[in-house]
There are 2 protein chains.
Amino acid sequence: MGRWEPNTRQRLAKAALELYSERGYEQTTVAEIARRAGLTERTFFRHYADKREVLFDGSEELRALFVTAVAGAPGSATPIDAMAAGLEAAGDLFHDRRPFARQRYAVIDANAELRERELIKLASLSTAIAETLRDRGVEEPAASLTAEAGMAVFKVGFERWIAENGERTLSALMRECLSELRNVTGGA
Amino acid sequence: MGRWEPNTRQRLAKAALELYSERGYEQTTVAEIARRAGLTERTFFRHYADKREVLFDGSEELRALFVTAVAGAPGSATPIDAMAAGLEAAGDLFHDRRPFARQRYAVIDANAELRERELIKLASLSTAIAETLRDRGVEEPAASLTAEAGMAVFKVGFERWIAENGERTLSALMRECLSELRNVTGGA
DNA sequence: ACGTTTGATGACAGTGACTGACATCGATCG
DNA sequence: CGATCGATGTCAGTCACTGTCATCAAACGT
């Protein structure tokens, strides 16, 4: 046994999500989060750069998964097919985390600062994917455009997945969105 | 003549852009911006909600222009063609503001908080355009996907316009990006 | 076994963004 | 000419976030 309770980060993240859900993001102070986790405010900031970041612990995992899937697509796959492989992987990741995803989405959706943070995480993901596509030989601006278009599919698909009641899987919804994107762009 | 110097907002915006350029966003305090504009910190916050917002005075103008162009596209235009009309209008808006756009972009690009704010402004623009497309009879998720894809074209085109040395117009670059997007999505 | 080092945490003071409440005062209205 | 208004100033206060030093259990080395 250590001198302190283990899983400090998770305890902070759990306390934060609870408090943000119960009383709202703005009405929660970092000191309260720390106190619920049995820690001090200073320790919170040793684990998370700021009050928003505590909701985005999974970003790195998602990025790694996405990038691996895109990089691992067959060499013969088109850019958009590689992107689709990434979307499938992301869909699988969230498959059994829907309740958590919904609660987290509700908190983020209710606050502009948190939406900003969410957007920059997706933009960072897009940048990483564009780089991976370039590694696959895709030229600019095709790489960035493919990544950004894929993020659009992810965003719209994710919101629909959260909004409905489990009728369709996230992967299925993203496939539909990708198909619809092909329709509206009415490509080559 | 009023009791105070006129154009308070513009003076604050000018002072802020100057100081953010000279010393960086983080190294500038709101009190310094206010002082350079001949005002107090409290007055700054009466005109701008926060330290970031002072760089985004033009967002509303861009949104109005964009939405008007999309709404005004011929009824026979496809969603993506209506979107293209909005991109053209935006391209025209920036045409004679390139030096200002570059300076502002450099400031925003150098700071994560400012990039976050930029992203939420573009997301808000996307939402407004999606609504306009729905008013034109476009169903979901096609409306949101078209708007998001259009934003991707705007983003990538804009960055290239800032990066190069005036060889091509913003409108021309966005047309190229839109064409490239059609290629990569390899649509219907 | 025992002194040393390490690493996570606590304690505390400080900065700066942002807010609420109240005072000021030239311009405008009746 | 007095009442009102609107933009600003003044000031106190909260809270996010940071730097610095103290603490102390555990792991390590001898």
Side-chain angles (χ1 to χ4, degrees), chain A residues 1-57 107-108 110-118 120-121, chain B residues 1-57 107-108 110-118 120-121:
Chain A
M1 287 286 291
R3 179 179 174 191
W4 302 276
E5 297 296 315
N7 306 120
T8 308
R9 282 179 70 92
Q10 289 103 304
R11 274 158 51 218
L12 284 167
K14 179 169 177 287
L17 182 61
E18 287 172 5
L19 284 165
Y20 293 170
S21 290
E22 291 168 15
R23 326 176 16 185
Y25 170 79
E26 286 181 6
Q27 286 66 45
T28 303
T29 68
V30 174
E32 288 166 344
I33 298 170
R35 184 148 34 84
R36 180 169 295 201
L39 297 162
T40 62
E41 187 181 6
R42 191 65 185 87
T43 296
F44 177 96
F45 287 111
R46 286 204 180 91
H47 286 273
Y48 295 103
D50 58 49
K51 192 184 167 186
R52 302 169 273 297
E53 199 65 18
V54 68
L55 286 176
F56 297 87
D57 241 357
V107 169
I108 292 174
N111 181 271
E113 286 184 47
L114 292 173
R115 289 198 302 273
E116 285 186 346
R117 182 56 52 88
E118 172 89 349
I120 208 171
K121 294 292 181 187
Chain B
M1 287 289 291
R3 181 179 173 189
W4 300 276
E5 296 295 315
N7 307 120
T8 309
R9 282 179 69 91
Q10 288 105 301
R11 273 158 50 216
L12 284 167
K14 179 169 179 287
L17 182 61
E18 286 172 4
L19 284 165
Y20 293 170
S21 290
E22 291 168 14
R23 325 178 13 187
Y25 170 79
E26 286 181 7
Q27 285 67 44
T28 302
T29 69
V30 174
E32 288 167 345
I33 298 170
R35 185 148 33 86
R36 181 170 293 201
L39 297 161
T40 64
E41 187 180 6
R42 191 65 184 89
T43 297
F44 177 95
F45 287 111
R46 287 203 179 90
H47 286 273
Y48 295 102
D50 58 48
K51 191 184 166 186
R52 302 170 273 299
E53 199 65 19
V54 68
L55 286 176
F56 297 87
D57 243 356
V107 169
I108 291 174
N111 180 270
E113 285 184 47
L114 292 173
R115 289 198 302 272
E116 285 186 347
R117 182 57 52 86
E118 173 88 349
I120 208 171
K121 294 294 181 185

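So you know, we letter chains A, B, ... as the sequences are listed, proteins then strands, and number each from 1.
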Just by distance, do the side chain of B:Asn111 and the backbone of B:Leu114 share a donor-acceptor pair under 3.5 Å?
yes
Is any side-chain nitrogen or oxygen of B:His47 closer than 4.0 Å to OP1 or OP2 of D:dT8?
yes
Using atom CD of B:Glu113 as one end and atom C1' of C:dC18 as the other, report the distance to the nearest whole Å.
13 Å
Length of the line joining A:Asp50:CG and C:dG16:C1', which is rounded to integer Å:
16 Å
Does B:Thr8 make a side-chain N or O approach to OP1 or OP2 of D:dA7 shorter than 4.0 Å?
no
Who passes side chain to side chain contact (heavy atoms under 4.5 Å, CB included) against A:Glu32, sequence neighbours left out?
A:Leu19, A:Arg23, A:Thr28, A:Thr29, A:Arg35
Interatomic distance where CZ belongs to B:Arg52 and C1' belongs to C:dC18 [whole Å]
10 Å
Regarding B:Arg52 and B:Glu118, does a basic nitrogen lie under 4.0 Å from an acidic carboxylate oxygen?
no
Rounded to whole angstroms, how far apart are CD on A:Glu26 and C1' on C:dT19?
12 Å
Selection from C:dA21, D:dA16, C:dA17 that lies nearest to any side-chain heavy atom of B:Arg46:
C:dA21
Determine, for A:Lys51 against A:Glu26, whether the closest basic-nitrogen to carboxylate-oxygen distance falls under 4.0 angstrom.
no
Is there a side-chain contact between B:Asp50 and B:Glu53 in this structure, where contact means two heavy atoms from C-beta onward sitting under 4.5 Å apart?
yes
Name the nucleic acid region contacted by A:Arg9, choosing base, sugar-phosphate or nothing; use a 4.0 angstrom heavy-atom cut-off, strictly under.
nothing
What are the residues of residues 33-43 of chain B, sorted by number, that bring a heavy atom to within less than 4.0 Å of DNA chain C?
B:Glu41, B:Arg42
B:Glu32 has an atom CD; how far is it from atom P of C:dC18, in whole Å?
15 Å
Just how far is it from atom CD1 of B:Ile108 to atom OH of B:Tyr25, taken to the nearest 0.5 Å?
11.0 Å
From CZ of A:Phe44 over to C1' of D:dC15, roughly how many Å is that when rounded to an integer?
13 Å
Restricting to side chain to side chain contact (heavy atoms under 4.5 Å, CB included), what partner residues turn up for A:Ala15, sequence neighbours left out?
A:Ile33, A:Arg36, A:Ala37
Write down the distance between CD (A:Gln27) and P (C:dC18), rounded to a whole number of angstrom.
17 Å
Between C:dA17 atom C1' and B:Arg117 atom CZ, what is the distance in whole Å?
13 Å
